[in-house]
Amino acid sequence: MVGEHQEVQLQIISQEAKEENLLDCTNGNDQQSYSQHRGYVWWLQLATYAFLLLAGQSVATLLGRLYFDKGGNSKWMATFVQSAGFPVLLPCYYFVAKSSDAKDSHRIPPSTLVLLSIYLAIGIFQAAVNMLYSLGLLYLPVSTYSLICASQLAFNAFFSFFLNAQKFTPYIINSLVLLTISSILLVFQSESTDSTEVSKRNYTIGFLCTVAASAGYGLILSLAQLTFQKVLKHENLKAVLDMIVYPSLVATCATLVGLFASGEWKGLEGEMQGFELGKLSYLMTLIWTAIGWQIFSIGCVAIIFEVSSLFSNVISTLGLPIVPVLAVFMFHDKINGVKAMSMVLAIWGFVSYIYQHYLDVLGSKKDDRNVNEVLHDSPSRTSRNE
């Protein structure tokens, strides 16, 4: 009887061990399936943000050039529309803020003074950078302007190294070198081949302003990432919209001060009257330029939030072939040998960075598998099964 009783106990223990192993295996498969699903959703979100960034950037840049080509000449108005479109985000911001406040009721937010200082500093700096971009777009053909903007990636990498602890690999360094050379090549091209004839002095001013704006923009992206990491420290869409709406409000107010202080506002009515495409086209050009830059901002800041400022800038660089090609049809810009070489180098640099990100993703998946194997073969599991 004792032997039979012990045999029954061993069968019960064996059955429990099998059920536990089956449960662990099922949980592991469910967790892996959830991880894969989450990965697919994340990549879909990232693709959506990238599309918004590229579409907004391309449309806003081309419309900005159209404004100058068809009779617009106010540098402050061109600067104003780069930040003035933020009210279109307010309905979305209201609903997002309401839901986020309910979820983050337990979180202690940063002080109002700290947030106000950050938004004021970034907003004023953003207004200055927008003015430099306007000057560059005024004096340069849109294809040249877009290719020079590739230099912002190198500046962003420099600032990210010191502010965001960005790690550099051979592929990233290769990407930065190629993109930098791509911009430098444009210094040596002849402006006479472009549809917009400008003097050598104005071409130099436009080039220097665009490079300076690219440096400033790279710093803004790094500061935005630093704010997410060190100050906001929470993950929701409200943080993304905060980083767009409040600095844009400050930049818009600063630009309005410049517009009225410079006296350019007095000539806006005459500018609208003399616009080659008509009054309605004048208004629609400005309105859609403003909306385009806000769409760009959503994609740009969201990618900073999800990945990094450097990756956001790399996606922005992907738009380099888009704008010059469209400019050939819209403004009859010519793609000469120097521009073609610059474009090839820029695309090569982009592919190099994307390949490094691909290697990082593979390494992360390998680390996750190793962790799962260690947990699966842990002593506690073995002793429990025994």
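Quick note: numbers below take in every heavy atom, side chains included, and nothing from hydrogens, waters or symmetry partners.
Here the closest heavy-atom approach between residue T79 and residue M131 is recorded as OG1-CA, 3.4 Å. Looking at every heavy atom in both residues, V301 comes nearest to F228 through CG1-CZ, 3.8 Å. Minimum interatomic distance between L52 and I295 (heavy atoms only, all atoms of both residues): O-CG2, 3.3 Å. Nearest approach of V88 to P91, heavy atoms of both residues: O-CD, 3.7 Å. Nearest heavy-atom pair, F275 versus Y67, reported as atom, atom and distance to 0.1 Å: CE1-O, 3.6 Å. Minimum heavy-atom separation, P247 to I122: CB-CG2, 4.0 Å.
Placement of V344 and Y355 in two distinct hydrophobic clusters is found when ILVMFWY residues are connected by side-chain heavy-atom separations under 4.5 Å, directly or transitively. A single hydrophobic cluster is not seen to contain both V250 and L115; linkage of ILVMFWY side chains at heavy-atom distances under 4.5 Å, directly or through other members, places them apart. At a threshold of 4.5 Å between side-chain heavy atoms, the hydrophobic network of Ile, Leu, Val, Met, Phe, Trp and Tyr places V231 and L221 in one connected group. By the criterion of side-chain heavy atoms lying less than 4.5 angstrom apart, applied directly or through intervening Ile, Leu, Val, Met, Phe, Trp or Tyr residues, L116 is not grouped with F125; the two fall into different hydrophobic clusters. Linking ILVMFWY side-chain heavy atoms closer than 4.5 Å, directly or via other members, places Y246 and L113 in two distinct hydrophobic clusters.
C209 contributes atom SG, which lies 5.5 Å from atom CG of L132 (distance to the nearest 0.5 angstrom). To the nearest 0.5 Å, atom OG of residue S297 and atom CD1 of residue I304 are 9.5 Å apart. Residue M243 holds its CE atom at 9.0 Å from CG of L223, rounded to the nearest 0.5 Å. To the nearest 0.5 angstrom, L241 atom CG is 9.5 Å from L90 atom CG. In this structure, OG in S352 is found 4.0 Å from CG in N174, a value given to the nearest 0.5 Å. The structure places CG of L120 at 9.5 Å from CG of L249, a figure rounded to the nearest 0.5 Å.
Between N156 and L219 there is no side-chain heavy-atom pair separated by less than 4.5 Å. The side-chain heavy atoms of S222 and Y217, taken from C-beta on, include no pair separated by under 4.5 Å. Side-chain contact between V81 and I287 is absent, with no heavy-atom pair separated by less than 4.5 Å. In this structure, the side chains of R65 and Y145 stay at 4.5 Å or more apart for every pair of heavy atoms.
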Derivation and outcome, side chain to side chain contact (heavy atoms under 4.5 Å, CB included), residues F80 and S74
CA-CA 10 Å; F80 174 75; S74 173; over 6 Å; no
Could you walk me through whether W293 and T61 pass the side chain to side chain contact (heavy atoms under 4.5 Å, CB included) test, one step at a time?
CA-CA 9 Å; W293 282 123; T61 301; 3.9 Å; yes
Does V211 form a side chain to side chain contact (heavy atoms under 4.5 Å, CB included) with F155? I'd like the steps, not just the answer.
CA-CA 10 Å; V211 172; F155 289 115; 4.0 Å; yes
Check step by step if side chain to side chain contact (heavy atoms under 4.5 Å, CB included) holds for V240 and I298.
CA-CA 8 Å; V240 174; I298 292 173; 5.7 Å; no
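Using modelled atom types, one side-chain atom of E264 and one backbone atom of W76 make a donor-acceptor pair closer than 3.5 Å. Although no hydrogens or angles enter the test, the distance criterion places a donor-acceptor pair under 3.5 Å between the side chain of Q57 and the main chain of S316.
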Can you give each donor-acceptor pair under 3.5 Å made by side-chain atoms of residues 252-259, sequence neighbours left out, with the distance rounded to 0.1 Å?
unit_1, atom_1, unit_2, atom_2, d
T252, OG1, S83, O, 3.2
T252, OG1, S83, OG, 3.1
T252, OG1, S248, O, 2.7
T255, OG1, A251, O, 2.7

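For the 3.5 Å distance criterion, the side chains of Y282 and Q273 fail to qualify, holding no donor opposite an acceptor. With hydrogens and angles left out, the side-chain atoms of S134 and Q82 include a donor and acceptor closer than 3.5 Å.
Between W265 and F260, the ring-plane angle classifies as tilted under the 30° and 60° cut-offs.
Environment of CE in M341: sparse, with no more than 12 heavy atoms of neighbouring residues, nucleotides or ligands closer than 6.0 Å. Heavy atoms of other residues, nucleotides or ligands lying less than 6.0 angstrom from OH of Y119 number more than 12. The neighbour count for F158 CZ, taken as heavy atoms of other residues, nucleotides or ligands under 6.0 Å away, does not exceed 12.
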